[in-house]
Amino acid sequence: MAYRCPLPSPICLQAEANICHSCNFTAPLIWLHSEDPFRPADLLQHIRHTTPTVNQVPVSGLPHLHLNNLALLNNVSSGQVALTSNDDVTALPDWLFGEPPDASGRIVNATPCVVILVEQSPRDVDAFFFYFYSYDRGANITQVLEPLNRLIEDTEHGMHFGDHVGDWEHNMIRFRDGKPNGIYYSQHSGGAAYDWDHEQLSMKDGRPLVFSAYGSHANYASSGDHVHDTVLVDYCNAGQLWDPTLSAYFYHLEPTNFTLTRLFPAPPSLPAPADLTSFFYYTGIWGDAQYPDDHPQQKTVPYFGLKRFVSGPQGPIAKQLVRKGLFPDQRARKPWLQWVVGVFMSWYPCCIRGWRKWVSMTVVVGSAIFLAFGVKHTVKSYRKKGYKRIETDIPLEDLVHRERI
């Protein structure tokens, strides 16, 4: 029995490939950064250039891995499995760079996109567009805002921190009664969401434009510089245009039992292809696990404890595909250090920059002195209102007489 598109007709196009007409015509278009060398990457090629490991030790006795059996890794160990690069990533082997789109926006030699339709309710359908890259290059000192950039010693000459093998980013478009009414952009550990008619959204032929940040591939609604995690900057511009749906796998997810069904059946004249769903259920990470501190390639940024290499991400299964709103229901918690930095930056540059810091210090010291005097005055007032010492003695016989009365 052929799958029926969850969007109401005539929005749904019952075509040979069973791809939802509405989803396809409102799918995002991605502007890749003009100078970003790390382009979208083929899922299968990425798997072929990695080896499953647990705690940096390769897992033995495995069959040849591909998209349709990757989930078997969930049962090989009690620890988390990592698809670890077969090459030294600091040498930047060719496969990490992915494939650029051609002039039409199509990536011919790779399939780096996964589209998943989720029926959240009889009226609401979420279309997830996942984009895969084999390498994420994190920020370096040039992307750290002042004054914290002065605390980072550039001993490694522009070393990037937060790099990792494997990178999953996504957009989600919510359809209400067959019409798009909102979109979510993933950005690092968080993201941004907009109503469909929001003035900050840019459209091209009815399709939302997405700007992929240099190195990190975080998704933004506009070009230019974007601050994330309080003090780091992402760079976006209109470099090469990529149409992800021209090289994608399409699926439908049943939210009640989390069953994934592929939406691209072969014509009757051809043998049925594999359903290619196993990779979705793989719960490990799509890259190296964070190297230990004594690893020869690992470095640590002083004061902040940021690592040169961190663990790769989990795949689409971990991205809260069943959610109430545009945002994931469970947001990532900020580390305490990031919270402290956020408080500090909220005071900068308004209060602790240049001459302002002396004014701010004077106000703080003055407030502290005023508070101290206030506390002292309050304590004295309290003591005056308490028990007082009686200076004259009361004769004992008077007390006895009063008791008798």
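Counting begins at 1 with the first residue of the sequence. Excluded from the calculations below are hydrogen atoms, water molecules and symmetry mates; all remaining heavy atoms, backbone and side chain alike, are included.
A 4.5 Å side-chain heavy-atom check between W31 and L209 finds at least one atom pair inside the cut-off. Considering only heavy atoms from C-beta on, V59 comes within 4.5 Å of V54 through its side chain. Residues Q120 and V118 have side chains in contact (heavy-atom distance under 4.5 Å, counting atoms from C-beta outward). Using a 4.5 Å heavy-atom cutoff, the side chains of L73 and L70 are in contact. Contact annotation: the side chain of W168 approaches that of V114 to within less than 4.5 Å [non-hydrogen atoms, C-beta and beyond]. Counting only heavy atoms from C-beta outward, the side chains of L62 and L72 approach each other to under 4.5 Å. Inter-residue side-chain proximity for K319 and P328 is flagged as unmet; no heavy-atom pair is nearer than 4.5 Å. Residues L260 and I116 meet the side-chain proximity criterion, which asks for heavy atoms closer than 4.5 Å.
Counted by atom type alone, Y133 and D136 present zero donor-acceptor pairs between their side chains at under 3.5 Å. Using modelled atom types and a 3.5 Å distance limit, the side chains of N171 and Y131 yield a donor-acceptor pair. Residues S104 and D102 bring a donor and an acceptor atom of their side chains to less than 3.5 Å of each other. A donor-acceptor pair shorter than 3.5 Å cannot be found between the side chains of S278 and N68. Looking at T51 and N86, their side chains do bring a donor and an acceptor atom within 3.5 Å of each other.
Between F279 and W286, the ring planes lie perpendicular to each other; the angle is over 60°, past the 30° to 60° tilted range. Classified by interplanar angle (parallel below 30°, tilted 30° to 60°, perpendicular above 60°), the ring pair H226/Y220 is parallel. Note on ring orientation: taking the six-membered ring where Trp is involved, the planes of Y214 and H33 are perpendicular (angle over 60°, cut-offs 30° and 60°). In this structure, H198 and Y194 have perpendicular ring planes: the angle between them is above 60°, well past the 30° mark.
Listed here is the closest heavy atom pair of L201 and A221: CD2-CB, 4.0 Å. Residues D234 and S216 come closest through the heavy atom pair OD1-OG, 3.1 Å. Here the shortest heavy-atom pairing between F327 and A193 reads CE1-CB, 3.4 Å. Here the closest non-hydrogen pair linking C236 and S222 is CB-O, 4.0 Å. Across every non-hydrogen atom of G105 and W242, the tightest pair is O-CD1, 3.3 Å. For the pair T283 and Q80, the tightest heavy-atom approach, listed with the atom from each and the gap, is O-NE2, 4.1 Å.
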Open item on the list: As a quick check of understanding, evaluate side-chain contact (heavy atoms from CB on, under 4.5 Å) for N219 and F129, giving each step before the final call.
Closed with: CA-CA 12 Å; N219 296 316; F129 301 85; over 6 Å; no
Open item on the list: Please determine whether side-chain contact (heavy atoms from CB on, under 4.5 Å) holds for the pair L253 and F258, giving the CA-CA distance in whole Å, both sets of side-chain angles, and the decisive distance to 0.1 Å.
Closed with: CA-CA 6 Å; L253 179 69; F258 232 59; 3.8 Å; yes
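A salt bridge is absent between K307 and D163; no separation between the charged side-chain nitrogens and carboxylate oxygens falls under 4.0 Å. Here D177 pairs with R123 in a salt bridge; the nearest charged N to carboxylate O distance falls below 4.0 Å.
A distance below 6.0 Å separates the ring centres of H46 and F132.
Cation-pi contact between R39 and Y135: absent, since separation from the ring centre below 6.0 Å together with deviation from the ring axis within 45° is not met.
With hydrogens and angles ignored, the 3.5 Å screen pairs a side-chain donor or acceptor of Q320 with a backbone N or O of D329. Side-chain N or O atoms of N69 include one that pairs as donor or acceptor with a backbone N or O of H64 at under 3.5 Å. Between the R207 side chain and the K204 main chain, no donor and acceptor come within less than 3.5 Å of each other. Side chain of N257 to backbone of T259: a donor-acceptor contact under 3.5 angstrom is found.
Between the CZ atom of R176 and the OG atom of S121 there is a distance of 6.0 Å, given to the nearest 0.5 Å.
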